[in-house]
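Note that the structure is predicted; figures quoted are calculated from it, not measured. As a basis for the values below, the full set of heavy atoms in this structure was taken, side chains included, without hydrogen atoms, waters or symmetry mates.
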Amino acid sequence: MTDEATPDGGRRTLLQAAAAAPFLGGLGIAPAAMAAEMGRSARPLRAAFSNAGLQATWCAQGKAAAEYWGKLFNVDVTWFDGELNATRQRAAVDNMASQRWDFVAIQAFGIGTLTAPVRRMIDAGIPVIDMDTLIAPLEQINVHSFLAPDNEFMGASVTEALMQAIGGEGTIIMTQGALGHTGAQGRARGFDSVVKRYPKVEVLDTTPGDWDVTKVARIWDTHLTKYPKISAAYFHNDDMALAAYNVMRAKGRTDIRIGGCDAMPPALQAVLDGRMHATVRNPSCRIHGGAIMAGVAAVVAGEKPGEGGIPKHVITDGPVVTKANAHGMAWMQKHFLI
């Protein structure tokens, strides 16, 4: 199969394979075989990626996944680090928008912070794939597609696991991510939807940690001094959860049940050894690898959003992770499948 001049029949094959790719990945079909079926671009494609900040393990794993899938499909990936800072990410994406790319994929640190440079790229005919959190509301910006988990499900499912662990009564703290991040907003709504069904549970605090583990350590040092009894704690990502656990351990407060989000390898180990009660997978590999597939399908096969092409919003959910399925989750991540 060749580049843009691929005959229509070949394009249909590419599109059909692209549609099946998430399911094939979940079944463990070898990525190299999948790439051969879908067809690599005859020429190297240039793609620009940015996510919230490579200090976060989820973002670092996403970069590795994008580069892995990029090699399979003949895509050269250039990275523009968001540095967990809206102003610095905006400068990086302004730089990105001054150059020409075959396609672009972005996870914004905060909604509305990147709208202008992203619109410039869209107006230049560059397919832009939105990852994990909204660049802007979908009705306000014509991104090629939005690949993201159901964040309300993520927040609700882990909070419910914590409620069961504490018998539906006691106290809980939620440490949020960045308040402008639509994923964090969804996780907070999921948390609230569960907690309101447990009248015997008191929410002590919901201070945001902004994904910053140093800030979270300071916040939790204060929490542990202020609150003599904390039954459970829900964190919007695992990095923050494990940073807080280190403070809890130093203060002899390891009786607090901990839940997180992302199901990154350090959290999987923490679930297995009992430091964390549960986490839920935000499939970084599926989202970043899916952005590679979406970009290749757009450029090589001319795939458009909408009927017969890629949906405007693709849900990329992963499961709640406990001791029962943590080993399998680790294997899937090792091969960039979820």
Side-chain angles (χ1 to χ4, degrees), residues 50-65 81-86 88-89 107-110 131-133 148-149 151 154-155 157-159 161-162 173-188 190-191 205-224 232-250 254 256-285 287-288 318 320-321 326 329-330 333-334 338:
S50 178
N51 57 22
L54 296 176
Q55 303 100 306
T57 59
W58 188 91
C59 294
Q61 186 185 65
K63 180 176 184 288
D81 187 10
E83 300 184 58
L84 297 183
N85 181 284
R88 288 196 285 271
Q89 187 181 38
Q107 177 209 26
F109 183 74
M131 302 186 296
D132 184 61
T133 187
N151 283 284
M154 292 173 70
S157 60
V158 174
T159 304
L162 291 173
I173 288 175
M174 172 173 63
T175 299
Q176 302 186 72
L179 295 182
H181 184 285
T182 59
Q185 293 166 8
R187 291 169 206 182
F191 172 86
D205 189 271
T206 61
T207 300
D210 296 327
W211 319 118
D212 184 332
V213 295
T214 302
K215 181 176 181 178
V216 169
R218 291 196 302 268
I219 290 169
W220 269 86
D221 186 71
T222 300
H223 287 340
L224 294 170
Y234 167 54
F235 298 84
H236 282 190
N237 80 357
D238 295 327
D239 292 351
M240 295 193 298
L242 292 172
Y245 174 80
N246 289 336
V247 180
M248 296 174 196
R249 181 178 58 186
T254 55
I256 300 170
R257 297 298 185 103
I258 298 174
C261 280
D262 293 344
M264 294 297 297
L268 298 180
Q269 185 57 51
V271 168
L272 288 168
D273 64 30
R275 285 173 291 143
M276 289 179 64
H277 178 68
T279 183
V280 61
R281 179 59 176 160
N282 181 3
S284 180
C285 304
I287 290 170
H288 288 80
V320 176
V321 180
M329 180 59 58
Q333 288 185 46
K334 180 180 177 180
I338 193 168

Subject >> Side chain Asp239, main chain Thr57, donor-acceptor under 3.5 Å >> reply: yes
Subject >> Residue pair Asn282 / Trp58, side-chain heavy-atom distance below 4.5 Å >> reply: yes
Original post:
Which pair of non-hydrogen atoms, one from Ala52 and one from Cys59, has the smallest distance, and what is that distance?
Top reply: N-SG, 3.8 Å
Subject >> Nearest heavy-atom neighbours spanning Arg187 and Asp132 >> reply: NH2-OD1, 4.2 Å
**OP:** Please round to the nearest 0.5 Å and tell me the distance separating atom CG of Leu268 and atom CD of Gln333.
**Re:** 5.5 Å
**OP:** Identify the two heavy atoms, one from Gln176 and one from Ala188, that lie closest to each other, and give their separation to 0.1 Å.
**Re:** OE1-CB, 3.5 Å
**OP:** Please lay out, stage by stage, how Gln269 and Arg275 fare under the test side chain to side chain contact (heavy atoms under 4.5 Å, CB included).
**Re:** CA-CA 9 Å; Gln269 185 57 51; Arg275 285 173 291 143; 4.0 Å; yes
**OP:** May I ask you to decide if Leu179's main-chain N or O and Gln185's side chain share a donor-acceptor pair within less than 3.5 Å?
**Re:** yes
Original post:
Taking the six-membered ring for Trp, are Trp220 and Phe235 parallel (under 30°), tilted (30 to 60°) or perpendicular (over 60°)?
Top reply: tilted
Original post:
Nearest 0.5 Å, what's the OH-OG1 distance between Tyr245 and Thr254?
Top reply: 5.5 Å
Original post:
Got a donor-acceptor contact below 3.5 angstrom from the Gln61 side chain to the Pro265 backbone?
Top reply: no
Subject >> Asp262 side chain to Arg281 backbone, donor-acceptor under 3.5 Å >> reply: no
Subject >> Min side-chain heavy-atom separation Cys285-Ile338 under 4.5 Å >> reply: no
**OP:** Could you check if a side-chain atom of Met131 sits within less than 4.5 angstrom of a side-chain atom of His288, using non-hydrogen atoms only?
**Re:** yes
**OP:** Output the distance between atom NE2 (His236) and atom CG (Asn151), rounded to the nearest 0.5 Å.
**Re:** 9.0 Å
Original post:
What is the distance from atom CG of Asn85 to atom CG of Asp210, rounded to the nearest 0.5 Å?
Top reply: 10.5 Å
**OP:** Begin with the C-alpha distance, continue with both residues' side-chain angles, and end with the deciding distance and a verdict on side chain to side chain contact (heavy atoms under 4.5 Å, CB included) for Gln107 and Ile287.
**Re:** CA-CA 10 Å; Gln107 177 209 26; Ile287 290 170; over 6 Å; no
Original post:
When rounded to the nearest 0.5 angstrom, what distance separates OG1 in Thr175 from CG in Asn237?
Top reply: 10.0 Å
Original post:
Considering all heavy atoms of both residues, which atom of Met276 and which atom of Ala267 are nearest to each other, and what is their separation?
Top reply: SD-CB, 3.9 Å
Subject >> Chi angles and distances behind the side chain to side chain contact (heavy atoms under 4.5 Å, CB included) call for Leu84, Asp212 >> reply: CA-CA 8 Å; Leu84 297 183; Asp212 184 332; 5.5 Å; no
Subject >> Interatomic spacing from CG in Leu242 to CE in Met248 - rounded to 0.5 Å >> reply: 10.0 Å
Subject >> Intermediate values then yes/no, side chain to side chain contact (heavy atoms under 4.5 Å, CB included), Val247 and His223 >> reply: CA-CA 10 Å; Val247 180; His223 287 340; over 6 Å; no
Subject >> Closest heavy-atom pair and its distance - Ile219, Gly209 >> reply: CD1-CA, 4.1 Å
**OP:** Considering non-hydrogen atoms only, spot the tightest contact between Phe109 and Ala178 and give its length.
**Re:** CZ-CB, 3.9 Å
